[in-house]
Amino acid sequence: MSNQGVLVTYSSSREFLATDHWKQVWAALLCQFPLRTLVWRGPGRSSQSTQTIQDLNVRIAPLESVKQEHTSQVPQTLLEKPLLNLYFVVCEDNETYKNTIKKQIRDWHTIISQRKYQEWLIVHIVRPEGRAAQQRMFQMKTSVLDKIKADFNLDKKDRCVQLVWASDFENPAAWAEFITKLKEGILAAFDSAFTQREAEMKRSEGQIQMPGWNFCTFFILKESLAISLEGINLFEDALEQYNELEAAFFKVVRDRNLSWFGSLIDPDPEDDSAPLLSTTRKPYRDLILGNTISIFDFRIYLLARQCILLSKLGRVAEICRRSEKFLTNFGRRLRELEDTLPEFFIESWIYSSALSVADTCDTWVSAVNLSKASQARYSALKGELMELAQQQLDIIGIRTGHLPSRPPFSIALSAPASRTTQSQRKSQTISRQELLAAISDRDALFDLYVTITNRAIEYYASAGRRKFAIKLHGNLAALDVVRDRLSSAFDTYKNLPAHYAPHGWTSLESFMRMQALSIHTSTEQAKDADWAHIVVDFLKAYVEDMGAELLMDVDDHKAYVTGLIESLRHAAAELQADMLYPDHPALSVTMAESEARLAQDQDGALLEVTVRNQLPCNLPVDEIVAVLAGHEGAQLTFSARVSSIQPGSTRLTLFCPSSTPGMFALQSSQVKMSRVVFERKEAKLAALSKTTRPKDLPALVRIPKDHHAVDVRLRPPKRIELGTPAYMTVSLQTGRNDISVATLRLVSPSGVQFHCQEAAIDEGGDNATLEAADDAIILRDVGKRQIVTVAVPHSDASSYHTLRVNVSIEYTTVTEPNLSRKLNIARFVATSLPITTNVEDFFRGTRLFSLFTLSTTSHQHVRIRSAELKPSRQDADSVSVVSCQSQKPDIVTVTPAQSGQFLFQLDTVRGKARDPMKLHITYRMLREEVESFINAAVAEIVADDPSLLPHRELLIDRLVEALSKSVDWIELYGVTGELVVPGNLSENSELASAFARLKEILGKPRPLNSSFDEWRDIIIPVDIPQMHILAAAQLRIFANPFSQQPSGQALPLFAGQPISAVVTVTTSFHWAPSEDAEMAQYLLRYDIQDMTGDWLVSGPKRGDFSAEDGSTFSSPVTLIALHHGELSLPKVMVNALPLPGKQRMRTSVIPSCETYQLHGAEKVMVLPRGGRTTYVVDMGREAIPA
Amino acid sequence: MPPQPRLNAVAFVSPQNHPILIRTFAQPRQDELKYHYIAHTSLDVIEERIASAQAAKSTECYLSLLYTMEDVAVYGYVTPLRVKIILALALTDAVVRDIDVIAIFKAMHTAYHLSVANPFLKVNMPLESVNDHAAMLSAGSAKWKAFRQRVDDVGRVMGASIPSSTSNASTQSH
């Protein structure tokens, strides 16, 4: 086998062999080998399958040197004997041929043709010139070659070839024909030999059932085929032969016919530590022939042969795979007779073999270039081999007691076989030195273990087999435990679960955590946050896997978990910081009802929840908390203190001391165990989409309104005085609470500032005291059922219609001094005035008439009781105001459609600096009036029947609600004061009688001015108007231009006739501003209105004049009426002219001036002018005959 | 007829590599860890095999022998929907015919297939993950007794002793 390739003999005449020529030919011939690309039709298969031999070595030897006789009966490789015999002829002369050469050839041919399965080839070496000559004389005589052919080549096959020996003998073309013939010859010979041997083998195979058949003989026979195939470099086919042999072996094994073998194993001293893949370690073939080979050796030989062939094919990964499979499989087999083997023989054998295979493969693989994928695969398999070796160490460790018999070490340990007596055991020992050391020395074993495992991890890592590597890390950690390297083991175990958790391998995860826990316990370390984390994670895994698949080596799960929780409880109390654990599956809090209840006897709401504990034991906890989220980020925290939660569902009632009514969704829930907090956040409400199933919708809960709870209301102040700092009233309603301290904070999102420092108690609160802080109003000692109203000034908010104020109130009651309740309420306050005023001023001499028009700014009805105009205190004696308002009706209702008008007359003394007057309006909104009316009515019936007291707010709410649904009652109420509540209120039978009584009270006619509850005031500062010049213009008609007095009686005026008139302008500086009081005179201009349709004006229609206080200017004009009828006189406009020499801002200053027409209401009768009028008068009739 | 291979454990793993069911038929209880390890590590090998199968455009479900350990041979199978089935057979020194192993795999696949066909498994699932196996399986998880029963039946036919802890375990699971 060592001498690869086929054997070819050569022969020639002795003379030729002695020449230099031959030496040249010989050298050139050797250069042609190995042969390339031989195509063989395959070992006895159909013609389709052709095998291509890439290259084939040829050994060429003289014929004489090859021995002919079979030395033994043992089938040897087919390549032992020559396949082809060559004869070289150098002869260009027919005569020489005939005389000597022919005989030489014949002698040779006689020897050769007797040999079986050998081909022959005669090579005729010619010189180029000889060849040319040959062609020249082609016609005349046959060539030497033809003669040779004629003499020897009797069958069709052409066994003669001409080799042209030219100077360029290295030219492949010259050799082509020879090489082809050579290949043909070799293949033909091999084919015939192979076919014969194969037939022999088949015959033997067919005789399996016959007595006397011997597997070993068959094996050698078949193996010879394999070796032959290997010899011609057909490794694939050779491997196939061995695979068939292996299958045949298993067939034999199955038939339990192993008589051809020696014992299963006959261990040699070195067997356990020898390299596995060696065919030369023992004389295997001889052992086989002698039928004495042990199955152990036989299997190893078979495997080694296969692997060697695989290595030639470059399939190293396959080698590892086969070896590993063999080691495990055959290892099992050996276990059956473990007792007869030296101690740890199997382990040592597998261990050594695994390592040796890896090493052998590494030497083989260096020759091959592996692709990345196959490199990875190779590494993975090497890793498996290392792991196999490591498992042997496991077994050894456990057997010797160096390692404890528990997972993960015991994984490799198969079910304990029945151990028989040790007596049969041979005294022989294993020979692997490192294992011997490991058996006797604990630390040696550990070191070896770590080395091997790390090698495996390294291989796995390079192969990308992460999970294998993780597993081995676990093993190393377990080893660390054994070696008392607890801290590193603890670290490993702490980190490993992270690799298992993401894919839900909870069983392995929990195993790791348990290991970590037990290490922690055994080291008696402080149970710190790390430890608590592991416990909680472990419980998570425990719950998720539901115990059934849990890999716990404790007997009583429940007791174990209970103990764990017990210590977690203690550890939790000693944690430095809160440990928040999100979404722990063991605990869940869900809402049991969709509506919360009110606590009734105190402020707050009660929420029913179901707490589910998936653990098998009671869980000691401190508190259960549920956080509800509502409108505008409002949050309510419900909680209950409990001592423990039982397994399964528990229904609990959580309490929130400060609840606000509304709809809420469960946002998160917490179960607190000292500092360990299990938190579960509900799905983000914003993340809702169409595809969300009903199950995932947020759990909603409605919290009803508590009428007896603390409440805060904000109102505009009772009395609004424009021009003074704005404030609003904050009323705190205590309800059932006896408040010791309440802190109110007001914040407006629109940026309006509240000046809490300047707040003052407005009304209510018998003993209440106010304490002003920078940013809060602190009220103390407010008793039950009180309403304390505090006025709080704030910065200007007039640009807003309504102001949103976020009120946060924190209060404690006398009964529960330790419980501080917090409420956050949003309130809206109207900051704009409900009514607007418009003023019209009319000056008349020293008097002024002011007309105030009040209209509502909203859709609300406003009831106005009075409007008074009051002069400021200093002006009380100089200004007198007379209201022109009639006293009936005393209440004016201003609706959006109808405004109210109030007229005042002022009489002033001239020249005094005047402060603004104040318009004082007393009003209230219709809504407020009705509400207070209802309040009064309810108070009345409550006074009659104190049992209704708790329902007071409910009654009011119901009535207001009913009224707001309809507007029909407004008109009737406005006129008569009867409030007819629409709708049916008494569906609640309990309160039916109360409602009936209320309706009765409200429905009674009532004087409109009956005063219940208070009115609101609004005080508007009003400036007294100023006017530099007040002109009273008059156009008077005189009888003639000369009369001094206007005609006392109505003159007959005719159209077209000139009428004398005088324009009179009387000026007064009474209303002049005091700073301009020194101005003695102004320049004025009058202008008579053009009334071109009625009047012609003749004379100074326009003129300037100088006016002084109290002076009268007059100017005569003539008027002509243009038509008859009742005509009003033209108006006289008076304007002030710019003050001479005074300029302000580059424009001339014009004093203010107002003119009123004294004759504005006068009309004159203009008669038509003269003319004739014909009247037809009935002249009577003839006398009536008697 | 060669002796049937002895079934030690079977594992079902979802396409996302979540364990669905790991059933151990071997006797000593502490072997559970071993088979969990086997199931977990097999995923690496299965991934390699799938990758090479994809490279070869093969649609074969059966992945043949994955690897051997001291006393078990691990076989792999991938259903067309990528659920992985892993068998741990007791190692023997006889030839295990692929056809036998495939028969077990087919039986296991059928057991899974019948169980997963239960329409009520989807009842409590979010809508978007209806076609997601892993979600569905976790929805079934511990309550999925019918599946376990079917797998046990296959195991029983294989001659595996069904661990008596089955009943204990199922009563333990709440």
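Since the model is a prediction, treat every value here as computed from it, not as a measurement. Order of the sequence lines fixes the chain letters, A, B, ..., with proteins taken first and strands second; residue numbering starts at 1 for each chain. Values below: every heavy atom of this structure, side chains too, minus hydrogens, waters and symmetry copies.
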Atom NZ of A:Lys471 and atom NE2 of B:His36: how far apart are they, to the nearest 0.5 Å? 13.5 Å
With a 4.5 angstrom heavy-atom cut-off, which part of B:Val72 approaches chain A: side chain, backbone, both or neither? neither
Write down the atom of A:Ala380, the atom of B:Glu48, and the distance for their closest heavy-atom approach. CB-OE2, 4.0 Å
Close side-chain approach of B:Thr41 and A:Arg465, heavy atoms under 4.5 Å: no
Which portion of B:Ile38 sits near chain A, non-hydrogen atoms under 4.5 angstrom: neither
Part of B:Ala39 lying under 4.5 Å from any heavy atom of chain A: both
Tested for salt bridge (Lys or Arg N to Asp or Glu O under 4.0 Å) against B:Asp44, the lone hit among A:Arg377, A:Lys467, A:Arg466 is A:Lys467
Should the pair A:Phe468 and B:Tyr67 be assigned to parallel (<30°), tilted (30 to 60°) or perpendicular (>60°) ring geometry? perpendicular
If one checks every heavy atom of A:Glu384 against chain B at 4.5 Å, the contacting part turns out to be side chain
